[in-house]
Number of protein chains: 2
Amino acid sequence: MSLAPRTNYRHGDLRQALLAAGLDMAREGGPDAVVLREATRRAGVSPNAAYRHFADRTELVQAVSDAARARVAAAIEAEWDAVPSTLSAADAAHAHLRAVGRGYLGFARDEPGLFRAAFTVPRGPEAAFDPAEAGPRDRTSFQLLATALDELVAVGALPRERRSGAELSAWSAVHGLAMLVLEGPLRNLDREVARAAGARLIDMVDRGL
Amino acid sequence: MSLAPRTNYRHGDLRQALLAAGLDMAREGGPDAVVLREATRRAGVSPNAAYRHFADRTELVQAVSDAARARVAAAIEAEWDAVPSTLSAADAAHAHLRAVGRGYLGFARDEPGLFRAAFTVPRGPEAAFDPAEAGPRDRTSFQLLATALDELVAVGALPRERRSGAELSAWSAVHGLAMLVLEGPLRNLDREVARAAGARLIDMVDRGL
DNA sequence: CCTCCCTTGTGTACGCTGTTCACAATGTCA
DNA sequence: TGACATTGTGAACAGCGTACACAAGGGAGG
């Protein structure tokens, strides 16, 4: 007689299950909290099974990071879409820039773990256009920011000679605030204070770009 | 007869030795690379000896973080001191603000591992005034930034009503650039490009604050 | 249908980590 | 001198990432 016939040999979509478990762990604890063995445990599978779908722990973490960036893009798109379409082109351009900033900071506030997984995990710069991290309408958060800046140039609100490198400056500002409040020295800054700081910061960017 | 009489029972200053080893490890690999057992190994001591001086691994890492922030403050002071004393008060104020930014970004560029140890390790906000992280003249990098901003207000370059929260905006900007280039999506950005981006960013801050 | 082979799972094992516990050597103070 | 706190050692444990050999199941060619 065969004792204990195996039940679960084919899982169905283990890769997806591991990624989902990884996202859950990252949500509460950031990328360092993604532990491979725990992911397999949650998927009801032996530790080594993971190695059929990810070469490494780091590869799993990178997949989590990609998925997290896709969610950031989605959050930004949501803010973008909330901009009323009745605005003049000039007002719309400013509003879009601010929407990108708000979406970015809002995600950092609401999903700190995923935010850190999204932006503090080693991924090459080529990933800025990788569809794996794009939002619902296939646009990367970086692309959304670039679009807003192009609009600003088009309406004459941003001198063309300052356009180059503007992504980097704008992105740095909001990213810096997010990091300081999330895992930096300003950790646990009061939620409302952080919100006000975000608004003030976006003012600075809009004025100084 | 006593076999193998013990040689090293009193180390002298083990705490300092562990901290130095921790700083070395953080220098190449950031805070995650600080491993307690390795530190004891480098100090020529058994693993558990560390627990006589640090309750935890995290306590060791925090000590490393404090020391790293002290070095950041020193780097900023060096830039500050390089500002020529012949400038007008107004020019000096701007120059000091830019010196703080340059010192911060320069440290991030030259000592990426220590920079991450300095600013991505859980420490309460009260540490912003802790003498353990101050520079040679007992000033925290945060205090140096605040001084520069006060000068800007004094010479009328920064409207008084925008003074509050200005630290946070300015700090966010440079911190964000540093993080994006260090461990963020812009990792390994060309050194010269990063330098130019830093200059452009400081322009934005100076203009938009 | 049978056979071969590739894919995807399991089991065992290794070295590394942080950490706990009991114990030993040393320095200090009565 | 003797008691005591300090600072080191040694053995042990659980948890981690990972390598290796092996087994179950599915698909393709005969």
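Letters go in sequence order (proteins before strands), and every chain restarts at 1.
A straight line from CD of B/Glu59 to P of C/dT19 spans 11 Å, rounded to a whole angstrom. Protein atom CZ of B/Arg52 is 16 Å distant from nucleotide atom C1' of C/dG18, rounded to whole Å. The interatomic distance linking B/Asp32 (CG) with D/dG17 (C1') rounds to 15 Å, in whole Å. Atom CG of B/Leu60 is separated from atom C1' of C/dT17 by 14 Å (rounded to the nearest Å). If you measure from atom CG of B/Leu36 to atom P of C/dT20, you get 11 Å, rounded to the nearest angstrom. Between the CG atom of A/Leu14 and the P atom of C/dT7 there is a distance of 16 Å, given to the nearest Å. Atoms CG (B/Asp56) and P (C/dT17) sit 17 Å apart, rounded to a whole Å.
The phosphate of C/dT7 has neither OP1 nor OP2 within less than 4.0 Å of any side-chain N or O from A/His53. Residue A/Arg57 places at least one side-chain N or O under 4.0 Å from the OP1 or OP2 atom of D/dG17. The phosphate of D/dA19 (OP1 or OP2) has no side-chain N or O of A/Tyr51 nearer than 4.0 angstrom.
The pair A/Asp203-A/Arg98 counts as a salt bridge, with a side-chain nitrogen and a carboxylate oxygen less than 4.0 angstrom apart. Ionic pairing of A/Glu111 and A/Arg71 is not present here: no N-O contact between side-chain nitrogen and carboxylate oxygen is shorter than 4.0 angstrom.
Among the heavy atoms of the strands lying under 4.0 Å from B/Arg41 are primed sugar atoms or P, OP1, OP2 only; no base atom is included.
When distances are taken from the side chain of B/Arg37 to each of D/dA12, C/dT10, D/dT18, the shortest belongs to D/dA12. Nearest to the side chain of A/Val35, among D/dG17, D/dA12, D/dG8, sits D/dG17.
Taking both residues in full, the closest heavy atoms of B/Trp80 and B/Leu144 are given as CZ3-O, 3.5 Å, listed atom of the first, atom of the second, then distance.
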Quiz: residues 54-62 of chain B side-chain donor-acceptor pairs under 3.5 angstrom, not counting sequence neighbours:
residue: B/Asp56; atom: OD2; partner: B/Thr58; partner atom: OG1; Å: 3.3
residue: B/Arg57; atom: NE; partner: B/Val34; partner atom: O; Å: 3.0
residue: B/Arg57; atom: NH2; partner: B/Pro31; partner atom: O; Å: 3.4
residue: B/Arg57; atom: NH2; partner: B/Val34; partner atom: O; Å: 3.0
residue: B/Glu59; atom: OE1; partner: B/Ala55; partner atom: N; Å: 2.9
residue: B/Gln62; atom: OE1; partner: B/Arg123; partner atom: NH2; Å: 3.4
residue: B/Gln62; atom: NE2; partner: B/Pro122; partner atom: O; Å: 3.0

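The base of C/dT8 is not paired with the side chain of A/Arg15 by any donor and acceptor separated by under 3.5 Å.
Residue pairs meeting the ring pair (Phe, Tyr, Trp, His ring centres under 6.0 Å) criterion with at least one member in residues 184-209 of chain B, sequence neighbours excluded, do not occur.
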